[in-house]
Protein chains: 2
Amino acid sequence: MVLKHLVYLAALARERHFGRAAAACHVSQATLSEAIRRLEAELGVPLVERGHRYRGLTPEGERALTWAHGILADADGMRADLTAMREGVGGSLRLGAIPTSLPVVSRLTAPLRERHPAVRLAIRSLSSREIERDLHEGALDAGLTYLENEPLRGVRRQPLYDERYLLVAPRASRWAAGASVRWRDAADAALCLLSRDMQNRRIVDALFARAGATPEPAVETNSISTLHAQVRDAGLCAVMADTWLHGFGVPAGMVALPLVEPAAAQAVGLVWRDRDPEPPLVRALIATAREALAPATA
Amino acid sequence: MVLKHLVYLAALARERHFGRAAAACHVSQATLSEAIRRLEAELGVPLVERGHRYRGLTPEGERALTWAHGILADADGMRADLTAMREGVGGSLRLGAIPTSLPVVSRLTAPLRERHPAVRLAIRSLSSREIERDLHEGALDAGLTYLENEPLRGVRRQPLYDERYLLVAPRASRWAAGASVRWRDAADAALCLLSRDMQNRRIVDALFARAGATPEPAVETNSISTLHAQVRDAGLCAVMADTWLHGFGVPAGMVALPLVEPAAAQAVGLVWRDRDPEPPLVRALIATAREALAPATA
DNA sequence: ACTAGTCGATCGGCTTTTCCGATCGAAGGT
DNA sequence: ACCTTCGATCGGAAAAGCCGATCGACTAGT
C-alpha cells in the first residue's frame, strides 16, 4: 500500500470532487482516479459510491478514511519527530481554539515561541465540534476547548482554566445596582447572545435553564467580537466569558457583574489526539501549557 | 514514503541483520539495504549505526521504529477492518498470555470461535513484559496479563478476574492441618517457586515480604508445568495461582490451602494497544471477554 | 600474519508502478 | 437537442523498485 494513495483518499473525502482533490494534491485527475481504483483493488472493497459524479464514500470508504487519517497523522508525526531530534522543535503547529479562549491563546503561545523560536503557529477560531472533528481528520494538531460540557472522544486533555460568566450591562441600567446578577434576572434583559450552534451558547442556555429561565435574545451572532460591539454600541446586555473581558476589557460605560445562582464554571483546556507517540510540537505545547498556565490561572 | 520501507525497517530492527531481514521480507539484501537508505534520505536522518556490520539503530532510528510499528499496525488494522465488513470477522488473532492465565484462555477463545468460526488463534505463553513489548511492536494483537502490579503503558484494559494464591503442600505435611496457611509460615516450607524474571514470582515475593518473610526456594523454574511436576513428584510445596489449580487440578496426595495474611489478589485482564480505531478482531475479542467472562469469575 | 568467511554497500540493468495529457461517454442543465 | 461538467480510460513517458553480481572492510581461526 502506498501512503500517497491514502492522501488522495483523504483529499477526495475533503473536497468531494475528483478534480479539486487532484488539484489539491498537485496531481492530475487521472492519477487520483486511478489511485483510488488501486486502493479499492488492494483492499478488495469499493470505497466511493460509483457513478458519473461524486456521491460520497461507501460505509467501507468512511471506515477506511478514519484509518487513513490516523495513519497519515502518524506519518507526519514521525517526520516532525525526527526533524525535531535533528534541529530542535520547529515546523508549524495548527491550533484550534474556541472563541472565548482566544484571549488566552497568546499566554500559551508566547512562552512556546520563546522556547522554540523556530515554531510557526497557525491559530484558527473554531467551534468545539469543529475542533474535535479537525483533530481527528489530522487538520489540527491541538485544540483549546471545553473539557466537560459535551463529551470529547479520542483525545487527551490538559485542563488550563475555568471559564466563568458575567453579565455585561450598561452602567445606567438596573442591573448595575448590585454586585452580581442572578441568571433568572438576567433573562429579562435585552440580550445579545451567541447563536445556538456555538457551545458557549448551549452552556449559557443550560445555565439559564437551571435557573428556571429562558432567555429571548434581541440579537444573536456567531462572533464574539460582534457580541462585544453590540454591547458597546447598541447598549444591549450580554453574557460574556471572563477570559474575554480580561483580554479586551469591559466596554466603556458598561459594567461586568458575576452571574450567580448558579455560579457555574466550565473547564477549558488543551486537547490533542490520543495517539502514541505524540508529535514533538504537540509535546512541546503540552509541556509549556503545564508549566506556564497551570490550572487556577483563570 | 512507502509503507513497505517501514516494514523493512521493522524487520531489520527485529532481525538485527540485513541479510536475515531481507530474507524475512522475501526481498534481496540489496533491496532492503537501498530501501533503508531511501528512508534515511527522505527523513533526513541516519537511522542505523553505519559500519560494516549491523550495530543497532541510532536514537532517531529507534524513534522512527516506534512510529513505524504504530503505522504498520494501523495499516493492518485497516485491512482487517474492511475485510471484516465484507465477509465477517476472520483472520488470525495473536494473543499473548502469562502462564498462570493459560487455563483461562480457553474460556475466552471458545466463545470467540463460536461467534466467529473463521477466526484463527495464535496463543503464546509470554511474560508480562514480553506481552507489553510485543503489543507495541505489533507482534501481538492482545494480551492476558497482570493489570496492576507493574505499570502498563499505552494499552487499554478489560479486567477479567482476580488471581489468588494457594499453597500446595503434601497431604501428610504439617501445613495440611489447617484450612489456610499464613505467608509467614509458608516461607519455612521446602518450596518450589518460579524464577525471579517472572512477574508472578515478584508478586509472590512481595507478599512474602509484606508478611515479613523471605522465602528460600529449594527449586526455581521458569515454567509452571515444571512447578506442577515438582510438586506432584518431588513432594515440594509451591505457591500457585488458583487459575492453575482450577485448570489442572490439585496433584494427587497434595492439598491446596489459601494463603492468608495478607489474602491478596492480583487483577488479571485483557490488554490491547491504545489506538483508535480498534481492529475488528480485537474488538470482537473484547466484546466476547466482556460478556463471557465478566469480572468475578475467578 | 595470513586466509577464509561474513556482512553490508554499490552498480548496471531489468521490471513494475506511477503519472500525465488526451479523449471518451454519461448525466444534468438550458 | 445542445452544451457543460465530471469521472473513467488509454497509451506512452518517467520514476521507482528490485535483483544478481561484485566490492571492500572487518572478523575469526589457524
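Computed over heavy atoms, backbone and side chain alike; hydrogens, waters and symmetry mates excluded. Each chain gets a letter, A, B and so on, in the order its sequence line appears, and its residues count up from 1.
Computed from coordinates, the A:Arg16 CZ to D:dG7 P distance equals 11 Å when rounded to whole Å. Atom pair B:Ile36:CD1 and C:dT10:P shows a separation of 13 Å (rounding to whole Å applied). C:dC7 atom C1' lies 15 Å from atom CD of B:Glu15, rounded to whole Å. In this entry the distance linking OH of B:Tyr54 with P of C:dC7 reads 14 Å, nearest Å. Rounded to an integer number of Å, the gap from CZ of A:Arg37 to C1' of C:dC19 is 14 Å. Rounded to whole Å, atom C1' of C:dA9 lies 14 Å from atom NE2 of B:His17.
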**Study point:** Where protein sits on nucleotides 12-17 of chain D, one letter per nucleotide: B base, S sugar-phosphate only, - none, heavy atoms under 4.0 Å
**Key:** -----S
Exercise for review: Would you mind building the protein contact string for nucleotides 22-30 of chain C? One character per nucleotide, 5' to 3', B for base within reach (heavy atoms under 4.0 Å), S for sugar-phosphate only, - for untouched.
Suggested key: B---SSS--
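Ionic pairing of A:Arg283 and A:Asp81 is present here: one or more N-O contacts between side-chain nitrogen and carboxylate oxygen are shorter than 4.0 angstrom. Ionic pairing of A:Arg129 and A:Glu150 is present here: one or more N-O contacts between side-chain nitrogen and carboxylate oxygen are shorter than 4.0 angstrom.
Between the side chain of A:Glu49 and the backbone N or O of A:Arg55 there is no donor-acceptor pair closer than 3.5 Å. In this structure a side-chain-to-backbone donor-acceptor pair under 3.5 Å is missing from A:Ser33 to A:Gln29.
Between A:Glu42 and B:Arg79 there is a side-chain heavy-atom pair separated by less than 4.5 Å. Residues A:Glu132 and A:Arg153 have side chains in contact (heavy-atom distance under 4.5 Å, counting atoms from C-beta outward).
Distances were taken from every side-chain heavy atom of B:Ser28 (C-beta onward) to each of C:dC7, D:dT9, D:dC19; the shortest belongs to D:dC19.
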Side-chain donor/acceptor pairs under 3.5 Å, residues 9-18 of chain B, sequence neighbours excluded:
unit_1: B:His17; atom_1: ND1; unit_2: B:Gly19; atom_2: N; d: 3.0
unit_1: B:His17; atom_1: ND1; unit_2: B:Arg20; atom_2: N; d: 3.0

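No side-chain donor from either of B:Asp141 and B:Trp272 sits under 3.5 Å from a side-chain acceptor of the other.
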